[in-house]
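The shown structure was predicted, so the numbers you read here are calculated from the model rather than taken from an experiment. Chain letters run A, B, ... following the sequence lines, proteins first, then strands; residues in each count from 1.
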There are 2 protein chains.
Amino acid sequence: MTTTSSAGATEGRREYHTLAVSSSRRSAAVSGKSHAARPTAPTLEAVAAMAGVSRATVSRVVNGSSTVNPDSADAVKRAIAELGYVPNRAARSLASQQSHAIALVVPEDTTRFFGDVYFASIVSGINRRLERSDYLLNLMVASSAPEGKMLRYLAGGVVDGVAVVSHHTSDRFVHQIADMLPMVFGGRPAFSDIDGYVVDVDNVAGAAKATQRLIDIGRTRIATITGPMTMQSGLDRVAGWRQALEQAGLEPGPMVHGDYTLPSGTRAARELLALDSSIDGVFVASDLMASGAQPVFIDRGISVPADVAMVGYDDSPSAVATEVPLTTIRQPSERMGEEMADILLAVLAGDDSKPRETLMPTELIVRESA
Amino acid sequence: MTTTSSAGATEGRREYHTLAVSSSRRSAAVSGKSHAARPTAPTLEAVAAMAGVSRATVSRVVNGSSTVNPDSADAVKRAIAELGYVPNRAARSLASQQSHAIALVVPEDTTRFFGDVYFASIVSGINRRLERSDYLLNLMVASSAPEGKMLRYLAGGVVDGVAVVSHHTSDRFVHQIADMLPMVFGGRPAFSDIDGYVVDVDNVAGAAKATQRLIDIGRTRIATITGPMTMQSGLDRVAGWRQALEQAGLEPGPMVHGDYTLPSGTRAARELLALDSSIDGVFVASDLMASGAQPVFIDRGISVPADVAMVGYDDSPSAVATEVPLTTIRQPSERMGEEMADILLAVLAGDDSKPRETLMPTELIVRESA
DNA sequence: TTGTACGCGTTATCAT
DNA sequence: ATGATAACGCGTACAA
């Protein structure tokens, strides 16, 4: 017998493996399949029934409220396990006004973004921190029409906070995001009038540290292969190189530009050698470029580090993959990601004690190349 | 005057920029700030009121239902624009039983994953396709405790479908995912007994095509620098190389293993030259390795392609960044991502006509190295 | 400590 | 074509 009452609401509603869909409310069920989380996902209600308590109590147990009798708590937990209950995200969000998700906003050009190990590490770090929470990570790439769609998404309450990896975000739309959500930048943004947290690494100090290493081991003709001059980090590392040289009373050696990529390192090394073969040290602004440069020296019979000492930057995997392992500067890029997530999580928890700006320290890693 | 009634529910509830939070329902409001989508986000209700229609009608307009009077539709649209209304995601999900999000499940090791341009392209492709929909992309990395947390998330109805980039997913947990959600693999999974769609590229054919090019230009001593033998693509490309040689009645040249990385290409080239300097052609299983190998030849006075012709694989950016631009095999990795997303979207829309397996074609790109 | 009852913002059914 | 109205599953004042 079927009743027309509202009972049995949790029965036969959603099925994935079954062909006979009983009471789908969806129209687009063209195929015989209705895709949903699982066949008849148990609800709070069901758990409550099984445990012999009210929904409220189950909710309290699930959310770890203290005010709950150990006995009933046990019963609830058993019921949860038995039923394989897992709270419905949407319902929870709706009721609590929190999505329990944060967005990683990437300023266009996904391919370039993902191709960069540095960003990879940041994402990895963000993820690592998020794993210890129950927050989800949403990837939002600002494409052709960034403001429109993304802003709409964010306004829709999809996420509680935003992490922006500020490559060269020149767009104003980040301002609008900052207006509605807590925000943290990975790398200092182009504008300073923005309401958000910033996590960055001290590139100047790092580069100076690298150059100082070359000075410390007695090198005096110190060149540099730079990163792109269109990026803050590229500029900063040149500044650090100059600063260390100046402080030591040394003349800057030749400078050749690269773009952080390996091939550019190869080209730069050849250029460097053509320019001035008297150098005895070189600070390369990325390990990837150093990996490209090193073979050029070696294949021409220039010993590393005996003839030319070399310090890289990043401490990327390629630093130890070169013939002569690279002395390099370790950037806590993964930790940077963790920090970003940590800040966001803290802010979302109402903790306002995080500093607006966090500068992550760099570390000299001494290997064989210098 | 303040009333204690439940009226005014949409007023002064959520504020981000204001310090005085009136009636936050959250406990953790340690700071004076309450973070939410925005101050008093307008609801369907508000739009309905302003447009002088019922919520139902507004909903119809928002969801593009046909059965709605043009006049009221206009009024509604104006109200929406005026109020800056954007539907609440959670509420919509709860009511429609769809999250309008899909997950990209990454089998561990984020750093390695993101460091690979190939995967970067896939993500980029997925994203590209998703942009044309209103689906969101959730990033889920299977870390130390994959089954537990991720499965719980998925069971919670966070997403409607799952894209798995099957690196060397040896875990069984994908089976459990497949049991509850539509799923598509990027790259053939290790097991074939799984209920999911597969999108892959034809690596054997691609490698054969590359090798054939070397044969076509008259090379007879054709070596190969392989990818890792622990990856299906690595294996497949060797197979393609062998196959083309065999078909042409040629003896396979020397084979040296790399791992798709640039430094490994450098090492492999040196090994190769030490092994057998009589080669006149080499198929390198990735452009990155080819970028590492090429300088070794050039710096030793071996001309490319005159002395040794070289074909790479991937048509990555590095293919044109080498001194001698690489003839290579273009993999539609980005299109692969698009296809994956497309399949998922189709399935979610109830379209069951997509083939269970899609093999993407490769293409020979002739440049100067062969 | 526990339960009742209302609200969260939409969708969808069913009359009209 | 349109409007009530009942879900959707959960959180949480408030009362007990």
Side-chain angles (χ1 to χ4, degrees), chain A residues 4-11 13-14 23-28 36-37 40-48 51-73 75-76 85-100 156-157, chain B residues 4-10 13-14 23-28 36-37 40-49 51-73 75-76 85-100 156-157:
Chain A
T4 51
S5 78
S6 61
T10 58
E11 264 190 68
R13 164 74 29 85
R14 308 192 276 155
S23 65
S24 171
R25 298 168 68 195
R26 275 274 126 193
S27 55
T40 305
T43 68
L44 254 197
E45 181 91 45
V47 176
V53 297
S54 74
R55 298 206 319 263
T57 299
V58 177
S59 178
R60 293 189 184 101
V61 172
V62 170
N63 296 310
S65 175
S66 50
T67 62
V68 45
N69 184 305
D71 286 350
S72 11
V76 169
Y85 167 77
V86 27
N88 179 295
R89 202 97 182 171
R92 185 183 282 223
S93 291
L94 184 57
S96 68
Q97 301 289 29
Q98 292 187 233
S99 65
H100 264 224
Chain B
T4 51
S5 80
S6 61
T10 58
R13 161 76 30 83
R14 308 191 276 157
S23 64
S24 171
R25 299 167 67 197
R26 275 273 127 189
S27 54
T40 306
T43 69
L44 254 197
E45 182 91 46
V47 175
V53 297
S54 73
R55 299 201 317 260
T57 298
V58 178
S59 179
R60 291 189 185 103
V61 172
V62 170
N63 297 311
S65 176
S66 51
T67 63
V68 46
N69 183 305
D71 287 349
S72 12
V76 169
Y85 166 77
V86 26
N88 179 294
R89 201 97 181 172
R92 183 180 279 213
S93 291
L94 183 56
S96 68
Q97 302 288 28
Q98 292 187 234
S99 64
H100 264 226

As a check of understanding: the bend across the helix from dT1(C)-dA16(D) to dT16(C)-dA1(D), end axes from five pairs, rounded to 10 degrees, works out to 30°

When you measure from the side-chain N and O atoms of Ser59(B) to the phosphate of dT11(C), is any distance below 4.0 Å, counting only OP1 and OP2?
yes

In whole angstroms, the gap separating P of dG11(D) from NE2 of His100(A) amounts to 10 Å

*Just checking Leu44(B): base, sugar-phosphate only, or nothing, at a heavy-atom cut-off of under 4.0 Å?*
base

Nucleotide N/O of nucleotides 1-4 of chain D paired with protein N/O under 3.5 Å:
residue : atom : partner  : partner atom : Å
dT2(D)  : OP1  : Ser72(B) : OG           : 2.6
dT2(D)  : OP2  : Asn69(B) : N            : 2.7
dT2(D)  : OP2  : Ser72(B) : OG           : 3.4
dG3(D)  : OP2  : Ser54(B) : N            : 3.0
dG3(D)  : OP2  : Ser54(B) : OG           : 3.0
dG3(D)  : OP2  : Thr57(B) : OG1          : 2.8
dG3(D)  : N7   : Arg60(B) : NH2          : 3.4
dG3(D)  : O6   : Arg60(B) : NH2          : 2.8

From CZ of Arg92(B) across to P of dG9(D) the rounded distance in Å is 18 Å

Here the distance between atom P of dG7(C) and atom CG of Leu94(A), to the nearest Å, is 13 Å

Ser99(B) and Ser93(B) have their tightest heavy-atom pair at CA-OG, 3.5 Å

note: Glu45(A), atom CD; dC10(D), atom C1'; distance rounded to Å ~ 11 Å

Minimal heavy-atom distance between Val68(B) and Ala73(B), with the atoms involved, is CG2-CB, 4.1 Å

Check: dG9(D) phosphate, OP1 or OP2: any side-chain N/O from Gln97(B) under 4.0 angstrom?
Finding: yes

Gln98(A) atom CD is separated from dG7(C) atom P, nearest whole Å, by 21 Å

Taken in chain and number order and not counting sequence neighbours, the residues that satisfy salt bridge (Lys or Arg N to Asp or Glu O under 4.0 Å) with Arg55(A) are Glu45(A)

Considering only heavy side-chain atoms of Asn63(A), the closest of dG11(D), dG9(C), dC10(D) is dG11(D)

For Ala51(B), the side chain to side chain contact (heavy atoms under 4.5 Å, CB included) test, sequence neighbours excluded, returns Val53(B), Ala75(B), Val76(B), Ala79(B)

Whole-Å distance, Asp71(A) CG to dT2(C) C1', equals 13 Å

Taken in chain and number order and not counting sequence neighbours, the residues that satisfy salt bridge (Lys or Arg N to Asp or Glu O under 4.0 Å) with Arg60(A) are none

Rounded to whole Å, the CG-P distance (Asn88(B) to dG7(C)) equals 17 Å

Applying side chain to side chain contact (heavy atoms under 4.5 Å, CB included) to Val62(A) and not counting sequence neighbours gives Val58(A), Ile80(A), Tyr85(A), Pro87(A), Arg92(A)

